[in-house]
Amino acid sequence: MSANYVSELEMGKCGEYYAIFKLVKQGFICFPSDQGLPYDIVVEVNGRLLKGQVRSTLKMRDYGKSKSVYRFGTRTGKGYGRAASTDICDFYAFVVIDEEKIAFMSTSELASAKNPGTLIQTMEFRSSTGIYPGRIYSNGTQRMLDYSRNIESYEDFNRIVSLMEVKKCRIKNTA
């Protein structure tokens with residue numbers, strides 16, 4: 001077993017336990033799933049079990065033109081590049097290990113517009129505490145990025161519960 005595999009596995013487990021910790025701290029009953037299932041954690045909400053997938057990263061990085069971002073992939077299957085299906089789980093928890101930050105997003109928020117039934121392949125966040133310089137113009141002025149997807153805005157799991165209740169009402173009204 002290579003050191004990269006072990007550290008990646010350990011980072012994943014750390015992210016799962018951190019997500020469980022944050023959910024329990026917010027008043028939810030939560031536990032890890034069994035090995036081999038397509039989801040990592042389970043949360044009990046109003047008598048219903050919600051399945052969650054946890055994605056972890058160590059810290060903020062630069063990726064090409066994307067500067068100072070927390071980047072997470074949603075693809076399944078190591079090396080196979082399979083886009084994740086929207087029906088595998090109910091939500092995703094995106095965990096930044098070094099900074100102890102988390103974002104919860106419903107699967108419906110991550111649905112791909114280009115490929116119905118699948119999720120977008122990459123999710124990026126920034127932090128509300130960061131300063132993100134944009135392009136510097138020839139006259140010396142600098143544009144500041146207006147980036148609204150701050151990881152701190154998605155920390156409350158009650159937001160997911162509300163989104164699912166709205167979705168449930170829509171489905172009930174169309175039936």
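Quick note: numbers below take in every heavy atom, side chains included, and nothing from hydrogens, waters or symmetry partners.
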If you look at every heavy atom in [X] and [Y], which pair is closest and at what distance?
X: Ile160; Y: Ser106; result: CD1-N, 3.2 Å
X: Ala111; Y: Ile120; result: O-CG2, 4.1 Å
X: Met105; Y: Phe125; result: SD-CZ, 3.7 Å
X: Val42; Y: Ser33; result: CG2-CB, 4.4 Å

Problem set entry | For Arg61, all residues meeting side-chain hydrogen bond (donor to acceptor under 3.5 Å, both in side chains), sequence neighbours excluded | none
Under the side-chain contact (heavy atoms from CB on, under 4.5 Å) rule, collect the residues that match up with [X], sequence neighbours excluded.
X: Thr118; answer: Ala83, Ser112, Asn115
X: Asp87; answer: Ser85
X: Lys51; answer: Tyr39, Cys89, Asp90

Exercise. Does anything in residues 12-33 pair up under salt bridge (Lys or Arg N to Asp or Glu O under 4.0 Å), and if so which pairs, sequence neighbours excluded?
Worked result: Lys13-Glu16, Lys22-Glu155
Problem set entry | Residue pairs fulfilling salt bridge (Lys or Arg N to Asp or Glu O under 4.0 Å) with at least one residue in residues 94-111, sequence neighbours excluded | Glu99-Lys101, Lys101-Glu152, Glu109-Arg159
For this session: Using the test salt bridge (charged side-chain N to carboxylate O under 4.0 Å, His left out), find all partners of Glu44 that sit at least two apart in sequence or belong to another chain.
Result: none
Under a 4.5 Å side-chain heavy-atom rule over Ile, Leu, Val, Met, Phe, Trp and Tyr, are [X] and [Y] clustered together?
X: Ile20; Y: Leu49; answer: no
X: Ile88; Y: Tyr92; answer: no
X: Leu37; Y: Ile41; answer: no
X: Val24; Y: Val45; answer: yes
X: Val161; Y: Ile102; answer: yes

For this session: Let me see the working for Tyr18 and Ile97 under side chain to side chain contact (heavy atoms under 4.5 Å, CB included), right down to the final yes or no.
Result: CA-CA 8 Å; Tyr18 185 73; Ile97 304 294; 5.7 Å; no
Exercise. Residues sharing Ile29's hydrophobic cluster, by side-chain heavy-atom contacts under 4.5 Å among ILVMFWY, directly or via others?
Worked result: none
Problem set entry | Atom pair OG1/CG of Thr122 and Leu110 - distance to nearest 0.5 Å | 11.0 Å
Which residues share a ring pair (Phe, Tyr, Trp, His ring centres under 6.0 Å) with [X], sequence neighbours left out:
X: Phe72; result: Phe94
X: Phe31; result: none
X: Phe157; result: Phe28, Phe91, Phe104

Show me the donor-acceptor pairs within less than 3.5 Å that the side chains of residues 52-60 make with the rest of the protein, sequence neighbours left out.
from  : atom 1 : to    : atom 2 : distance (Å)
Gln53 : OE1    : Arg55 : NH1    : 3.0
Gln53 : NE2    : Pro38 : O      : 2.7
Arg55 : NE     : Gly73 : O      : 2.8
Arg55 : NH2    : Thr74 : O      : 3.3
Arg55 : NH2    : Arg75 : O      : 3.0

Exercise. How far apart are the C-alpha atoms of Asp62 and Ser68, what are their side-chain angles, what is the distance that settles it, and do they pass the side chain to side chain contact (heavy atoms under 4.5 Å, CB included) test?
Worked result: CA-CA 5 Å; Asp62 294 341; Ser68 302; 3.9 Å; yes
Exercise. Around atom OH of Tyr17, are there more than 12 heavy atoms of other residues, nucleotides or ligands at under 6.0 Å?
Worked result: no
